[in-house]
Amino acid sequence: MRIILLGPPGSGKGTQAQRLVQRYGILQLSTGEMLRAAVAAGTPVGLRAKDIMAGGGLVPDDIVVGIISDRIEQDDARNGFILDGFPRTVPQAEELDELLKQKHMRLDAVIELRVNESALVQRVETRAAETRARGEEVRIDDTPEVLIKRLASYRSQTEPLIHYYSERRKLITVDGMMTIEQVTREIGRILHAIGAVGSKASKKPPSTKRSLKKAAREAPKPALRGRPTAKKAAKGARKAVKRASQATKKAAKKAVGRLAKKVTKRRVKA
Ligand code: AP5
Ligand code: MG
């Protein structure tokens with residue numbers, strides 16, 4: 001599964017990403033968390049990002065693209081990931097498309113968490129209060145003043161991604177005003193519907209090696225034309241594996257398209 005969680009600050013990207021990690025054991029890649037770690041460690045990236053983050057702006061594209069590109073190279077990202085807070089600009093989305101293409105990876109869906117702006121201030125204030133109550137350091141950008149700037153950055157630079165992914169039939173919008181549990185359930189439902197998890201369509205196609213053995217074992221006994229050679233069985237199996245994987249990809253693509261269409265219709269009605 002490879003998905004993007006898109007939404008304004010406080011919409012629940014981090015909360016939902018962590019729940020998906022627990023449920024599906026998939027990797028969460030949060031550029032915000034990575035940048036905060038870099039700031040805390042005082043690395044060159046951290047030094048460049050520190051003031052920008054504190055002011056509610058966006059860190060330059062080349063920095064975040066570099067971070068993500070290095071990270072998805074690593075072994076634990078091979079089976080998929082949840083991008084939380086990346087991409088955040090159209091150039092970042094274009095770079096991501098290129099990266100995935102180079103690595104022969106496919107994006108399953110972009111899940112947009114839509115939340116009323118009025119709820120965001122309350123959420124961020126609650127998070128700051130809870131962090132303080134735990135005796136932990138509050139995020140420097142978790143103040144109503146910086147939140148206003150973060151929202152402005154979101155509107156001007158990140159919101160165009162809604163159009164970007166909607167055009168590519170990847171966008172699925174979820175009502176982020178529901179309870180945390182309801183949002184998780186809705187995302188789970190979507191992931192099943194598009195075949196990204198759990199359903200038959202999402203199952204990895206059998207490994208070629210296993211399929212070859214199975215095909216050889218199950219090859220029909222010869223009638224008149226001589227015993228099927230292992231070579232023939234292997235060829236048949238390779239074809240079957242290719243067909244299965246194409247069918248899986250096609251089914252997932254269709255499901256995203258269908259869901260995206262529904263969302264567009266709903267928007268047009270509204
Ligand atoms: P980042 O760390 O990504 O912050 P953000 O996008 O501003 O979002 P938040 O982490 O504040 O909110 P969230 O959506 O994760 O909500 P959460 O689940 O915590 O980025 C920080 C900064 O780093 C940026 O401003 C930028 O400077 C830089 N940066 C990062 N990525 C970048 C990039 N790609 N390019 C350039 N710069 C980048 O929830 C918030 C609170 O609400 C919690 O208390 C939670 O319990 C509660 N909550 C969640 N869901 C619900 C719900 N359904 N109902 C009620 N409460 C809820
Ligand atoms: Mg977050």
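Just follow the structure's listing: the first ligand is 1, and inside any ligand the first atom is 1.
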**Message:** Side chains of R19 and T184: any donor to acceptor distance under 3.5 Å?
**Reply:** yes
**Message:** Can you list everything that forms a side chain to side chain contact (heavy atoms under 4.5 Å, CB included) with P91? Sequence neighbours excluded, please.
**Reply:** D61, T89
**Prompt:** Can you list, by chain and residue number, every protein residue with a non-hydrogen atom closer than 4.0 Å to ligand 1?
**Reply:** P8, P9, G10, S11, G12, K13, G14, T15, T31, G32, L35, R36, M53, G57, L58, V59, V64, G85, F86, R88, Q92, R123, R127, R139, D141, R150, G176, M178, T179, I180
**Prompt:** Which residues satisfy the side chain to side chain contact (heavy atoms under 4.5 Å, CB included) test with A119, sequence neighbours excluded?
**Reply:** V115, M177
**Message:** In this structure, would L58 and V39 fall into the same cluster of hydrophobic residues linked by side-chain contacts under 4.5 Å?
**Reply:** no
**Message:** Check for me, please, whether L100 and L6 land in the same ILVMFWY cluster - side-chain distances under 4.5 Å, paths through other members count.
**Reply:** yes
**Prompt:** Hydrophobic cluster mates of L47, side-chain heavy atoms under 4.5 angstrom, ILVMFWY only, any path?
**Reply:** none
